[in-house]
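The structure under discussion appears below in the form of structure tokens.
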Amino acid sequence: MATPKRYWLVKTEPEAYSIQDLANEPKKTTCWDGVRNYQARNFMRDDMKKGDLVLVYHSNANPPAVVGIAKVVRESYPDHTAWDPDDKHYDPKSTAENPRWFMVDLKLQKIFKHPLALPELRGQKPLAEMELLRKGSRLSVQPVRGKEFTCIEKLANG
DNA sequence: GCCAACGTTGGC
DNA sequence: GCCAACGTTGGC
């Protein structure tokens, strides 16, 4: 039995790394490095599986919006940027013997023609319990329910 | 730029 | 283990 596909959402600040940057990568694929939150890490390390689909969200943007879909193409492995003293996300407590932070590889699937801005998502019944829309939610890697993913796909297709 | 909501750190 | 102080996130 194949395990059912799961759905996720990852946040990125477009000024730092946008979905267009992902589109410009060789093979439209990148390692999702720099996550330094334990809950988010656990999702990536333990639960994100090859083939899972991932909504890409632009935070701190005008407007903040879900902008496309990516796919997990490599499951978790240590985030080497934690070992680089010159990296913004350097963490001396993470070592090669005992890595603290992990990442997955994501490949771009689709950029929405019309980004789905936050106000458009609020008020959608199927999204009532969505983590992204919860007040005060800061989780940068979060699970998405099947019905939520479907709803967003529908909205994106007009 | 403001600030509320969070997560982490560290003294005790 | 508590919790105040601090740093960060992220919408507005």
Side-chain angles (χ1 to χ4, degrees), chain A residues 6-25 30-48 52-72 76-106 108-145 147-156 158:
Chain A
R6 293 215 216 176
Y7 303 97
W8 306 94
L9 179 145
V10 296
K11 297 180 182 176
T12 182
E13 300 191 19
E15 291 218 351
Y17 191 88
S18 73
I19 198 165
Q20 194 55 53
D21 293 327
L22 177 55
N24 293 339
E25 299 280 3
T30 191
C31 53
W32 206 255
D33 61 16
V35 172
R36 296 293 180 269
N37 167 282
Y38 289 106
Q39 208 182 342
R41 176 205 68 181
N42 292 346
F43 283 132
M44 280 203 302
R45 187 190 57 187
D46 305 332
D47 299 324
M48 269 192 171
D52 286 358
L53 293 178
V54 182
L55 298 171
V56 179
Y57 175 79
H58 279 174
S59 62
N60 269 314
N62 254 318
V66 178
V67 292
I69 299 174
K71 187 163 82 173
V72 177
S76 77
Y77 59 109
D79 181 344
H80 55 76
T81 66
W83 304 330
D84 177 1
D86 295 326
D87 193 276
K88 188 183 169 192
H89 301 288
Y90 175 58
D91 181 356
K93 290 174 185 154
S94 183
T95 63
E97 298 75 33
N98 191 15
R100 171 176 296 205
W101 304 111
F102 290 80
M103 59 191 180
V104 298
D105 284 359
L106 297 182
L108 181 66
Q109 295 293 108
K110 180 177 211 174
I111 296 182
F112 295 155
K113 286 203 181 74
H114 304 289
L116 302 173
L118 267 195
E120 191 176 352
L121 298 181
R122 297 191 194 282
Q124 296 287 337
K125 274 242 174 63
L127 304 183
E129 299 173 74
M130 195 175 179
E131 169 69 19
L132 179 73
L133 304 181
R134 238 193 61 236
K135 182 180 160 118
S137 170
R138 293 168 36 170
L139 199 52
S140 61
V141 176
Q142 54 182 257
V144 170
R145 294 173 184 83
K147 67 171 177 180
E148 295 164 348
F149 190 89
T150 305
C151 173
I152 283 174
E153 246 187 341
K154 268 189 196 158
L155 289 173

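The chains referred to below are lettered A, B, ... by the order of the sequence lines, with proteins before strands, and numbering in each begins at 1. All of these numbers come straight from a predicted model, not from anything done at the bench.
Rounded to whole Å, atom C1' of C/dG10 lies 13 Å from atom CD of A/Q142. Here the P atom of nucleotide C/dT9 and the CD atom of A/E131 are 16 Å apart, to the nearest Å. The distance between atom CZ of A/R122 and atom P of C/dG10, rounded to the nearest whole Å, is 13 Å. Atom CG of A/N62 and atom P of B/dG1 are 15 Å apart (whole Å). Spacing between atom CG of A/L132 and atom C1' of C/dG10 amounts to 11 Å, rounded to whole angstrom units. The CE-P distance, from A/M130 to C/dG11, rounds to 12 Å in whole Å. One atom, CZ of A/R36, and another, P of C/dT9, lie 12 Å apart when rounded to the nearest Å. Rounded to whole angstrom, the span from the CZ atom of A/R138 across to the C1' atom of C/dT9 amounts to 4 Å.
With DNA chain B read from its 5' end, the first of the two nearest nucleotides for A/K93 and A/N60 is the one closest to A/N60.
With distances taken from any side-chain atom of A/K135 to the nucleotides B/dG7, B/dA4, C/dG11, the minimum falls on B/dA4. Of the candidate nucleotides B/dG7, C/dC12, C/dG10, B/dG7 has the atom lying nearest to any side-chain atom of A/N37.
A/R134 comes within 4.0 angstrom of sugar-phosphate atoms only, judged by non-hydrogen atoms across all strands, and of no base.
Partner of A/I152 under the side chain to side chain contact (heavy atoms under 4.5 Å, CB included) criterion, out of A/K147, A/E120, A/M130: A/M130 alone.
Residue A/Y38 places none of its side-chain N or O atoms closer than 4.0 Å to OP1 or OP2 of B/dC6. When the side-chain nitrogen and oxygen atoms of A/K11 are compared with OP1 and OP2 of C/dG10, one or more of them lie within a distance under 4.0 Å.
The CG atom of A/D79 sits 7.0 Å away from atom CE of A/M44, with the distance rounded to the nearest 0.5 Å. Between atom CH2 of residue A/W8 and atom CZ of residue A/F149 there is a gap of 13.0 Å, rounded to the nearest 0.5 Å.
Counting all heavy atoms, side chain and backbone alike, A/A40 lies closest to A/L139 at N-CD1, 3.9 Å.
Looking at A/R41, its side chain does come within 3.5 Å of a backbone N or O of A/R100 through a donor-acceptor pair.
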